[in-house]
Amino acid sequence: MPVSAGTLVLGIVLLFVLILLASSIKIVKEYERAVIFRLGRVVGARGPGLFFIIPIFEKAVIVDLRTRVLDVPVQETITKDNVPVRVNAVVYFRVVDPVKAVTQVNNYIMATSQIAQTTLRSVIGQAHLDELLSEREKLNMQLQKIIDEATDPWGIKVSTVEIKDVELPAGMQKAMARQAEAERERRARILLAEAEKQAAEKLREAAEIISEHPMALQLRTLQTISDVASDKSNVIVLTLPMEMLKLFKSVGEAAEAYKKKAEKEGTGKA
């Protein structure tokens, strides 16, 4: 059955209407926003969910609002104390203003990457090597502040910047190893000297106590003999107590005095 011209035209019109209707329906996810351009001018951002645009006259540019992880490639630079280093980092950022991210910069991901690279080289160049190795958190905060301020006009929020790896020349690594070894040896010698000083002070206190209490020396002697006697292979030599030696000395002196007195009396009688 031949199709009339009117029916054919109606079918074409219906098909065109369906195509326009399909192109006017937009659906964006929860983490996305659609920046709407009407005749080349921005009219705002829409979403998430379902919305309609005017075909031909309006265009939607989808922007992802999730946090992105940007790996900053290795940067070769020289620290403030003239040490060459190779440093890389990672940047966490997200879009907070989709209109600015689309209209203020051509490619906000590439632009953020370039800003991160140049800022990393600049900050490392102003830091000493010891600061780079021991105060990395301070440098991370400094990097985050500078990059965030630079990308703020683009509607970008930089939440975190972390320096991942710091590569040093082989010669510098050996020098640092020798320095660490010397530092450990210095601490060991200081600890040994402190121990000797404390031991000497304790011995001095013990000597003062023993000099005030002579019996303490005898008790210490008996304790030492008891400790040595536990091993039967040792030969124990007992020494006379100091009091007994003093007694013998006193008896000897008395005997000598008595002898001299007797000789003197015998000579007088003769």
Side-chain angles (χ1 to χ4, degrees), residues 23-80 84-129 131-133 135-167:
S23 62
S24 66
I25 299 175
K26 297 294 181 182
I27 299 176
V28 295
K29 301 180 180 63
E30 181 67 30
Y31 53 83
E32 293 176 338
R33 295 296 183 272
V35 180
I36 307 302
F37 290 86
R38 181 179 299 164
L39 298 177
R41 301 187 64 179
V42 177
V43 295
R46 300 178 186 175
L50 174 67
F51 61 91
F52 296 90
I53 64 174
I54 303 174
I56 302 175
F57 298 101
E58 291 185 345
K59 178 182 178 181
V61 179
I62 307 299
V63 179
D64 196 327
L65 302 184
R66 291 177 295 182
T67 298
R68 292 179 178 268
V69 181
L70 180 63
D71 189 12
V72 181
V74 176
Q75 303 296 311
E76 296 185 1
T77 184
I78 299 178
T79 62
K80 193 173 183 179
V85 293
R86 291 166 52 88
V87 184
N88 63 344
V90 60
V91 179
Y92 295 85
F93 71 97
R94 61 186 178 89
V95 176
V96 295
D97 191 335
V99 175
K100 289 184 178 180
V102 174
T103 60
Q104 299 299 321
V105 64
N106 182 28
N107 187 333
Y108 65 88
I109 299 177
M110 180 62 68
T112 304
S113 176
Q114 295 300 317
I115 285 291
Q117 294 179 37
T118 56
T119 304
L120 179 62
R121 288 196 298 267
S122 176
V123 170
I124 298 302
Q126 298 175 3
H128 291 83
L129 179 60
E131 185 180 2
L132 176 60
L133 297 177
E135 300 181 9
R136 189 173 298 183
E137 185 64 27
K138 175 183 175 182
L139 296 179
N140 291 338
M141 295 178 62
Q142 186 176 356
L143 286 168
Q144 185 270 335
K145 181 179 179 181
I146 296 175
I147 299 174
D148 184 47
E149 291 178 353
T151 57
D152 183 67
W154 306 335
I156 304 297
K157 174 61 180 177
V158 178
S159 57
T160 306
V161 179
E162 294 286 343
I163 297 176
K164 294 197 298 183
D165 297 322
V166 178
E167 298 181 12

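Just so it is clear, the structure is predicted and the values come from calculations on it, not from any experiment.
- Annotation: the span from T67 atom OG1 to F93 atom CZ amounts to 9.5 Å, rounded to 0.5 Å.
- Between the side chain of R68 and the main chain of V95, no donor-acceptor pair closer than 3.5 Å is present.
- Annotation: the span from I147 atom CD1 to T119 atom OG1 amounts to 5.0 Å, rounded to 0.5 Å.
- Side chain of E30 to backbone of P48: no donor-acceptor contact under 3.5 angstrom is found.
- For N106, the CG atom counts as loosely surrounded, since its 6.0 Å shell holds 12 or fewer non-hydrogen atoms of other residues, nucleotides or ligands.
- Across all non-hydrogen atoms, the minimal contact from F37 to V42 is CE2-CG2, 3.2 Å.
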Point to revise | side chain to side chain contact (heavy atoms under 4.5 Å, CB included) assessment of V28 paired with R46 | key: CA-CA 9 Å; V28 295; R46 300 178 186 175; over 6 Å; no
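- The backbone N or O of Y108 sits less than 3.5 Å from a side-chain atom of T112, completing a donor-acceptor pair.
- Between atom CD1 of residue I53 and atom NZ of residue K59 there is a gap of 10.5 Å, rounded to the nearest 0.5 Å.
- The shortest heavy-atom contact between D148 and I156 is OD1-O, 3.9 Å.
- Under the side-chain contact (heavy atoms from CB on, under 4.5 Å) test applied with V166, the options I124, T79, L133 reduce to a single match, L133.
- Here the closest non-hydrogen pair linking V123 and L139 is CG1-CD2, 4.0 Å.
- At least one donor-acceptor pair under 3.5 Å links the side chain of Q75 to the backbone N or O of P73.
- Atom CZ of F51 and atom CD1 of I25 lie 11.0 Å apart (nearest 0.5 Å).
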Check your understanding: Can Q117 and R121 be said to form a side chain to side chain contact (heavy atoms under 4.5 Å, CB included), step by step?
Key -> CA-CA 6 Å; Q117 294 179 37; R121 288 196 298 267; 4.2 Å; yes
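- A side-chain donor-acceptor contact under 3.5 Å links E58 to the backbone of I54.
- In this structure, the separation between OG1 on T151 and NZ on K157 is 8.5 Å, given to the nearest 0.5 Å.
- When all heavy atoms are compared, the tightest approach of A89 to I163 is CB-CA, 4.1 Å.
- The CE atom of M141 lies 11.0 Å from the OG1 atom of T160; values are rounded to the nearest 0.5 Å.
- Contact record, A116 with V91: CB-CG2, 3.9 Å, taken as the closest heavy-atom pair.
- In the model, Q114 has no side-chain atom that pairs as donor or acceptor with a side-chain atom of T118 under 3.5 Å.
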Exercise for review: Go through D71 and K164 one step at a time and tell me if the side chain to side chain contact (heavy atoms under 4.5 Å, CB included) criterion holds.
Suggested key: CA-CA 10 Å; D71 189 12; K164 294 197 298 183; 3.3 Å; yes
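- For the pair Q126/K80, no side-chain contact is recorded, criterion being any heavy-atom separation below 4.5 Å from C-beta on.
- A pairwise comparison of heavy atoms in I115 and A150 identifies CG2-CB, 3.9 Å as the closest pair.
- A donor-acceptor pair under 3.5 Å is absent between the side-chain atoms of S24 and the main chain of P55, judged by distance alone.
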